[in-house]
Amino acid sequence: DMFGRSSQFDRSLEKATSQLLLEPDWDSVLQINDCIRQGDIQPKYAVAAIRKKLSTDNPHVASFSLQVLESCVKNCGAPIHHEIATKEFMEFLKDLVKVRSDPVKGRILELIQVWSHAFRNEANYKVVQDTYNLMKLEGYQFPVLKESDAMFSAEKAPDWKDGDCCARCRVSFGMVQRKHHCRNCGEVFCSKCSSKNSIIPKFGIEREVRVCEACYEGLNKPTKK
Ligand SMILES: O=P(O)(O)O[C@@H]1[C@H](O)[C@H](OP(=O)(O)O)[C@@H](O)[C@H](O)[C@H]1O
Ligand SMILES: [Zn+2]
Ligand SMILES: [Zn+2]
């Protein structure tokens, strides 16, 4: 039942942020991600619970809580991004930086910087970049952005849609006319309308994958002069 699975979240969060841990309990962290992705738990509740853990004075618990937060932002997509990319949450993190010492302080600065980079094209999450820029102006020392961190992309590839005919030319699918999916828009196409490949950096797809005609144009049109 709903309650049972959400208490699963609570149990995993307790385990993942226990002060007795000597290293991250990744199983529990991934369990937390699954709970959120499966909708067992409301993102708002999840972020509030993690935030409470973050507010502890115990540096171990705070560090493990930051790892849970980082993992949720990386792996649970827009519902979590929507909860952390708010003025209120960014102010909370900024206030935490003022009262924490390293390694917790440095870790929070790192996260604000990585998220600012990851959300650089996301108008809805502009408050993250604004917070980062403001803190730089106020003299906070941010660590060098690691290339690997920069690979974290804010957007997730869309789920594949189904259909009994091609989304572009409307030909019906059958034994001969097979279905194919465009990795950029997730729509279903015949082979002729999805015969091209492209990388899709915004989804972190760095190898050539099948895309439809329209998405191929959109992804490869010459940059506006
Ligand atoms: O090979 P089939 O039996 O037609 O199965 C299709 C292929 O696996 C397609 O892969 P592709 O998009 O990489 O072509 C996939 O997009 C479709 O959903 C499947 O129905
Ligand atoms: Zn077609
Ligand atoms: Zn497409």
Side-chain angles (χ1 to χ4, degrees), residues 2 5 8-9 26-27 29-44 46-47 70-86 113-130 145-225:
M2 172 69 176
R5 290 183 298 182
Q8 164 71 61
F9 168 86
W26 292 116
D27 286 348
V29 175
L30 294 177
Q31 178 70 47
I32 289 166
N33 293 172
D34 288 348
C35 284
I36 295 169
R37 274 202 301 259
Q38 286 154 3
D40 296 348
I41 202 87
Q42 288 305 317
K44 194 177 288 297
V47 171
E70 178 189 19
S71 177
C72 291
V73 172
K74 262 189 177 166
N75 301 314
C76 302
I80 291 293
H81 299 164
H82 186 75
E83 293 304 323
I84 63 134
T86 63
Q113 180 172 244
V114 164
W115 295 340
S116 170
H117 181 79
F119 296 148
R120 62 193 180 286
N121 299 326
E122 303 278 336
N124 299 337
Y125 305 146
K126 192 172 172 308
V127 68
V128 180
Q129 204 157 21
D130 293 347
L145 182 69
K146 290 198 297 287
E147 200 45 44
S148 57
D149 283 335
M151 281 308 289
F152 154 47
S153 61
E155 292 177 82
K156 288 178 2 132
D159 294 338
W160 290 3
K161 300 167 186 71
D162 202 358
D164 48 20
C165 66
C166 172
R168 183 168 178 265
C169 74
R170 319 309 294 174
V171 71
S172 297
F173 294 124
M175 280 313 290
V176 176
Q177 192 64 258
R178 306 306 293 171
K179 293 179 181 180
H180 303 279
H181 280 91
C182 167
R183 273 63 171 170
N184 189 58
C185 66
E187 291 290 349
V188 65
F189 298 92
C190 72
S191 56
K192 274 201 301 301
C193 296
S194 60
S195 61
K196 292 175 178 155
N197 292 321
S198 175
I199 62 171
I200 314 176
K202 71 180 177 192
F203 293 149
I205 300 176
E206 298 300 330
R207 62 179 177 78
E208 298 250 318
V209 292
R210 182 191 297 275
V211 293
C212 71
E213 286 295 326
C215 290
Y216 181 79
E217 296 301 313
L219 290 164
N220 296 281
K221 66 178 181 297
T223 45
K224 294 181 202 62
K225 290 282 175 280

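Keep in mind the model is a prediction, meaning the values are calculated, not measured. For ligands, and for the atoms within them, numbers begin at 1 and follow the listed sequence.
- The immediate protein surroundings of ligand 1, defined as residues with any heavy atom under 4.0 Å of it, consist of Trp160, Arg178, Lys179, His180, His181, Arg183, Arg210.
- Protein atoms of type N/O/S that fall under 2.8 Å from the Zn ion (ligand 2) number 4 in this view.
- The shortest side-chain heavy-atom distance between Cys215 and Cys185 falls under the 4.5 Å cut-off.
- At a threshold of 4.5 Å between non-hydrogen side-chain atoms, the residues Val127 and Thr86 do not count as touching.
- At most 12 non-hydrogen atoms from other residues, nucleotides or ligands lie less than 6.0 angstrom from NZ of Lys44.
- Between Pro43 and Cys76, the closest side-chain pair of non-hydrogen atoms is not below 4.5 Å.
- The minimum heavy-atom distance linking His181 with Val188 is given by the pair NE2-CB, 3.6 Å.
- Note: angle at the Zn ion (ligand 3), from SG of Cys182 to SG of Cys212, is 110° (rounded to 10 degrees).
- Of all non-hydrogen atoms in Leu145 and Val114, the two that sit nearest each other are CD1-CG2, 3.8 Å.
- One finds an angle of 110° at the Zn ion (ligand 3) between SG on Cys185 and SG on Cys215, to the nearest 10 degrees.
- A 4.5 Å side-chain heavy-atom check between Ile36 and Cys72 finds at least one atom pair inside the cut-off.
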Stepwise side-chain contact (heavy atoms from CB on, under 4.5 Å) test for Lys179 and Asp162: CA-CA 9 Å; Lys179 293 179 181 180; Asp162 202 358; 2.8 Å; yes

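- The shortest distance between side-chain heavy atoms of Asp40 and Gln8 does not fall below 4.5 Å.
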